[in-house]
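Working notes for the structure below.
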Amino acid sequence: MKDFCPESDGGDDAQARIHWLKTRNADLEDKCFQLKNANKALSAELRSVYGSHSWKLTAPLRHAATCARKILGRRFALLAPDPLWPPEVKALEKKLTLKDASSPSAIPLGVFMHIYYMELAEEMLDLLDHLPSTAKIHISTDDEAKRQKLLQLGKERNIDRRVQVRVCPNLGWDLAPFLVGFADEIPQYPLILRLHSKRSTQLPETTGTSWRKMLFASLCGSKERVNAIMRAFADAPRLGMVCPPTVAHNVNDVHFGGNFQRMRKLLEPHGVIVHEDTTIDFPVGSMFWCRPETLRPWLDRRFVFEDFRHSGEDERDGSLAHALERLLLFGCGITGFSWARVPELPAPDKKNKTRA
């Protein structure tokens, strides 16, 4: 993945980013050296195994095991050397402990927002006040008038130099504008935050509003929370995605639904076998923090907007967008990362402000 360092006017922020990039480069060079040595040792060991008498003697047993799997059906999940391998995606979850952090990590950040409902634009742009001032903001919407309005709002907030707004077809809900509309931008960052103007029109208005506000607050509701989440990524190199809590009204919706066949076909090229009783989980609401590497399995498919043409109000379940939403955490396992949920927010205290 190509590293991206945001522009800077100089000063401490620039020095911090330079230091981060130098440190990251040194870490990658060290890991590369270690992997090369490990590869040499494993290759030598593999040659020794293949040349051994025991390997040759047990060949009939391996052949018999292959035949047995074909006879019994594909109920055996593929084995992989990485312990984070799916399909039991719940096994990848970690309980994220948010530590107090007075300042954010120096990891360059890209923010990706889809704003379809313009009445929520101000609410979403307010969240940017909690993010590092160097974060780059990428916004998608569905027509030019909205684009011009969003650019004007960015100018009024003095963030227009950091804002990019693209018009995308109104297909694939909020997922297609993200994975297709910004497929070129997503890989440029080591860390991204993904948000959208969620209205949940299938729910009562008060339920949908409280859910959206919880999603926003849990991911970026304060500078303290943002700093703590960014610090968690900095401290845990194999942490791939951070999700909000699952609220009570949709806890029973965490299943394949009508998306099983689509998901199965999308997972098969990665050697992942799922069944209708496989345990799954996903960031319900499609908002999260992540390392872009975890999205690579889906970005590499090079979807186009036309692939999402079936995504109307009556075609939610079974659509490509809904399938991809349920595959986000599988992407962590495929690329060798774990995932975590942020702790549930404490109940509001009338006397004291809610802490991150």
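Residue indices begin at 1 and follow the sequence shown. Fair warning: this is a prediction, and the values are worked out from it, not measured in the lab.
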Tell me whether [X] contacts the main-chain N or O of [Y] through its side chain, where contact means a donor paired with an acceptor under 3.5 Å.
X	Y	result
Arg326	Phe282	no
Arg301	Pro297	no
Asn227	Glu224	no
Arg341	Pro244	yes
Arg225	Ser218	yes
Glu325	Gly285	yes
Ser197	Tyr117	yes

Listed partners of [X] passing side-chain contact (heavy atoms from CB on, under 4.5 Å), at least two apart:
X	value
Ala121	Ile115, Met118, Leu150, Leu153
Leu179	Leu175, Leu299, Leu324
Pro343	Leu98
Cys168	Ser140, Pro177, Phe305

Check whether any side-chain heavy atom of [X] sits under 4.5 Å from a side-chain heavy atom of [Y], and report yes or no.
X	Y	value
Val342	Trp289	no
Val180	Leu171	no
Cys243	Leu328	no

[X] side, atom [atom1]; [Y] side, atom [atom2] - distance, nearest 0.5 Å:
X	Y	atom1	atom2	value
Glu276	Arg264	CD	CZ	9.5 Å
Leu151	Ile139	CG	CD1	8.0 Å
Glu268	Met263	CD	CE	12.5 Å
Arg291	Thr335	CZ	OG1	10.5 Å
Phe308	Glu306	CZ	CD	11.0 Å
Ile334	Arg296	CD1	CZ	9.0 Å

Q. Quick one: salt bridge (charged side-chain N to carboxylate O under 4.0 Å, His left out) partners of Lys155, sequence neighbours excluded?
A.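 In terms of salt bridge (charged side-chain N to carboxylate O under 4.0 Å, His left out), with neighbours along the sequence ignored, Lys155 is linked to no residue.
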
Q. Residues in salt bridge (charged side-chain N to carboxylate O under 4.0 Å, His left out) with Asp126, at least two apart?
A.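 Partners of Asp126 by the salt bridge (charged side-chain N to carboxylate O under 4.0 Å, His left out) criterion, ordered by chain and then number, come out as Arg157.
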
Once side chain to side chain donor-acceptor pair (under 3.5 Å) is applied, do any residues pair with [X], and if so which ones, sequence neighbours excluded?
X	answer
Asp235	none
Asp184	Arg166
Asp129	none
Glu144	Arg147, Gln148

Q: Please test Glu185 against Gln164 for side chain to side chain contact (heavy atoms under 4.5 Å, CB included), starting from the C-alpha separation and ending with a verdict.
A: CA-CA 11 Å; Glu185 294 286 356; Gln164 176 191 49; 3.6 Å; yes

Closest non-hydrogen atom pair, [X] against [Y]:
X	Y	result
Leu219	Ile229	O-CD1, 3.5 Å
Leu327	Trp298	O-CZ2, 3.4 Å
Trp339	Asp281	CH2-OD2, 3.6 Å
Cys290	Leu191	O-CD1, 3.5 Å
Pro283	Met241	CG-SD, 4.5 Å
Met230	Ile107	CE-O, 3.5 Å

Q: Describe, in one word, how the ring planes of Tyr116 and His114 are oriented to each other, choosing from parallel (under 30°), tilted (30 to 60°) and perpendicular (over 60°).
A: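 Rings of Tyr116 and His114: parallel, under 30°.
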
Q) Can Val284 and Trp211 be said to form a side chain to side chain contact (heavy atoms under 4.5 Å, CB included), step by step? A) CA-CA 10 Å; Val284 184; Trp211 184 17; 3.6 Å; yes

Q: Answer with yes or no whether the hydrophobic clustering places Phe303 together with Val167; edges join I, L, V, M, F, W, Y residues whose side-chain heavy atoms lie under 4.5 Å apart.
A: no

Q | Pair Leu131-Leu128, side chain to side chain contact (heavy atoms under 4.5 Å, CB included): steps then yes or no | A | CA-CA 5 Å; Leu131 303 176; Leu128 300 177; 3.7 Å; yes

(Q) Going by ring-ring contact (aromatic ring centres under 6.0 Å, His included), name the pairs with one or both residues in residues 217-245, residues two or more places apart or in two chains. (A) none

Q: Any pair with a residue in residues 186-196 that passes salt bridge (Lys or Arg N to Asp or Glu O under 4.0 Å), sequence neighbours left out, goes on the list, sorted by first then second residue, please.
A: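 Sorted result for residues 186-196: Asp174-Arg194.
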
Q.
With side chain to side chain contact (heavy atoms under 4.5 Å, CB included) as the criterion, how do His270 and Phe330 come out once you've worked through the C-alpha distance, each side chain's angles and the decisive distance to 0.1 Å?
A. CA-CA 10 Å; His270 302 284; Phe330 281 96; over 6 Å; no

Q | Ion pair Arg212/Glu123, N-O distance below 4.0 Å | A | yes

